[in-house]
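In each ligand, atom 1 is the first atom listed, and ligand 1 is the first ligand listed. Because only heavy atoms are used, hydrogens play no part in the values below, and waters and symmetry mates are left out as well, while side chains stay in.
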Amino acid sequence: MSSPYTDLDRPPLNARLLSRALVTEAGPWTRLDLRAETGSTNADAAGAARAGEPEGLVVVAERQTAGRGRRDRAWTSPARAGITLSVLLRPGVPVAERDWPAVPPAAYGWLPLLAGVALVETVTRLAEVPAVLKWPNDLMVGDLKCAGILAEGVPNGVGAVVVGIGLNVTLREDELPTDRPATSLRLAGAALTDRDPLLRALLRGLGDWYGRWRGAGGDAEDSGLREAYLHHCGTVGRAVRVQLPSGAELVGEAATVDAGGQLVVRDAGGVQHSVAAGDVLHVR
Ligand SMILES: O=C(O)CCCC[C@@H]1SC[C@@H]2NC(=O)N[C@@H]21
C-alpha cells in the first residue's frame with residue numbers, strides 16, 4: 001500500500017521566520033545555526049562551546065546522520081520529519097543585564113527536566129496531543145515515545161551544557177526506531193504537524209523557562225519549575241521498574257520528584273530510594 005502522506009508534507013523549515021522570531025523575542029537565544037544535514041546537533045553545539053561561543057546558540061538540523069540519545073543509544077532523524085535541535089547554555093555565568101546570578105552546578109540536573117516541561121507544554125497546546133513526561137524527560141503519548149532529550153556537559157567547554165531535543169513530527173511507522181515503542185505527532189493524530197510554529201513555540205517556551213529558572217538562581221521550587229514538572233509528569237503515582245546505570249533494577253511506586261530533580265521510588269518494604277539516573281518502565 002502506498003504511504004498515506006508524501007514528502008510534500010515535509011517542507012523545509014522557514015529559516016527567515018525562525019531567525020526573525022529568535023531575534024525579536026526577549027529570550028536568551030543569540031544565534032541560529034540551521035543545517036540541512038549534520039551528524040549530531042549536540043556535537044555541533046559542543047564544538048561551538050569549546051571554541052568559546054557564548055550562551056544562546058541554537059543549532060537546528062533538518063536531518064541527522066549520527067543523532068545520539070541517552071545511554072549511548074542512536075536517535076533516528078529522517079530528513080524534515082522531526083525537530084532536532086540543540087541549545088548551548090552556560091548556567092554558571094552570571095548575566096548582569098538580565099539579573100541572572102550564577103547557577104550552582106548541583107542544580108544543572110534540572111536542565112533536561114526544564115526542557116521536558118517546555119516540550120510537553122508546546123506539544124499539548126499546539127498539537128493537542130495528550131502527552132506526558134516519563135521521568136526524567138521522555139515525551140510519551142500513551143506507552144509510545146514521541147520525543148527525547150539529551151543534556152550533556154561539554155568537556156573542556158568551561159561549564160557549558162548542551163541540551164538537545166528530538167521530536168518525531170511526521171515520521172511514518174516504517175521510519176520509527178525499532179528498539180523501543182515509539183510514535184510521531186502525525187501518527188498520534190496531532191492537530192498540528194507544521195514544524196515551523198512548533199519549533200518557534202518550543203524555543204519560546206524553552207527560553208521562558210530557562211529565564212525563570214536562571215532568575216531564581218537555579219531553584220526549581222522558587223521558579224515554579226518543580227510544580228510544572230510534577231503537573232506534566234506521568235511517572236509519579238505509577239508502579240515502576242527502574243533500570244539503574246549499575247545494571248541493578250529497582251521496583252516500587254514512584255512517590256515524587258524531589259527538589260534536586262531525582263525520582264523518589266518507594267519499594268515494597270516502604271523504603272524510599274532517590275534515583276538520579278535510570279530507565280523507567282511504567283508497569284501499571
Ligand atoms: O531520548 C533520548 O535518548 C534522547 C534523544 C535526544 C535526541 C536529540 S536530537 C537533537 C540532539 N542531537 C543529538 O544528537 N541528540 C539530540
Is the shortest distance from a heavy atom of Arg73 to ligand 1 less than 4.0 Å?
-> no

Just wondering, do Glu55 and Arg214 contact through their side chains at under 4.5 Å, heavy atoms?
-> yes

Over 12 foreign heavy atoms within 6.0 Å of CG, Asp174 | yes

When rounded to the nearest 0.5 Å, the distance separating CZ of Arg180 from CG of Asp138 is 8.0 Å

Should Arg71 be listed as contacting ligand 1, given a heavy-atom distance under 4.0 Å as the test?
-> no

Would you give the length of the straight line joining atom CD1 of Ile83 to atom CD of Glu62, rounded to the nearest 0.5 angstrom?
-> 10.0 Å

What is the closest protein heavy atom to atom 5 (C) of ligand 1, and at what distance does it sit?
-> Trp75 CE3, 3.5 Å

Heavy-atom distance under 4.5 Å between the side chains of Trp213 and Val103, does that happen here?
-> yes

Numbered atoms and elements of ligand 1 in range of Asp138, under 4.0 angstrom, heavy atoms | 1 (O)

Any idea which atoms of ligand 1 are less than 4.0 Å away from a heavy-atom of Gly67?
-> 14 (O)

Rounding to 0.5 Å, atoms SG (Cys146) and CG (Asn168) come to a distance of 5.5 Å

Note, Leu244 side chain near Asp279 side chain (heavy atom, < 4.5 Å) = no

Should the ring pair Trp29 and Tyr210 be called parallel, tilted or perpendicular, given that the plane angle runs from 0 to 90° and is split at 30 and 60?
-> parallel

Which is closest to atom 11 (C) of ligand 1 in terms of heavy atoms, Thr38, Leu167, Thr41?
-> Thr41

Among all protein heavy atoms, pick the one closest to atom 9 (S) of ligand 1 and tell me residue, atom and distance.
-> Gln64 NE2, 3.4 Å

closest protein heavy atom to atom 1 (O) of ligand 1 is Lys145 NZ, 2.5 Å

Below 3.5 angstrom, do we get any N/O pair linking Arg180 and ligand 1?
-> no

Could an N or O of ligand 1 be found under 3.5 Å from any N or O of Arg68, whether backbone or side chain?
-> yes

Which atoms of ligand 1 sit under 4.0 Å from any heavy atom of Gly69?
-> 2 (C), 3 (O), 4 (C), 5 (C)

Numbered atoms and elements of ligand 1 in range of Arg70, under 4.0 angstrom, heavy atoms | 2 (C), 3 (O), 4 (C)

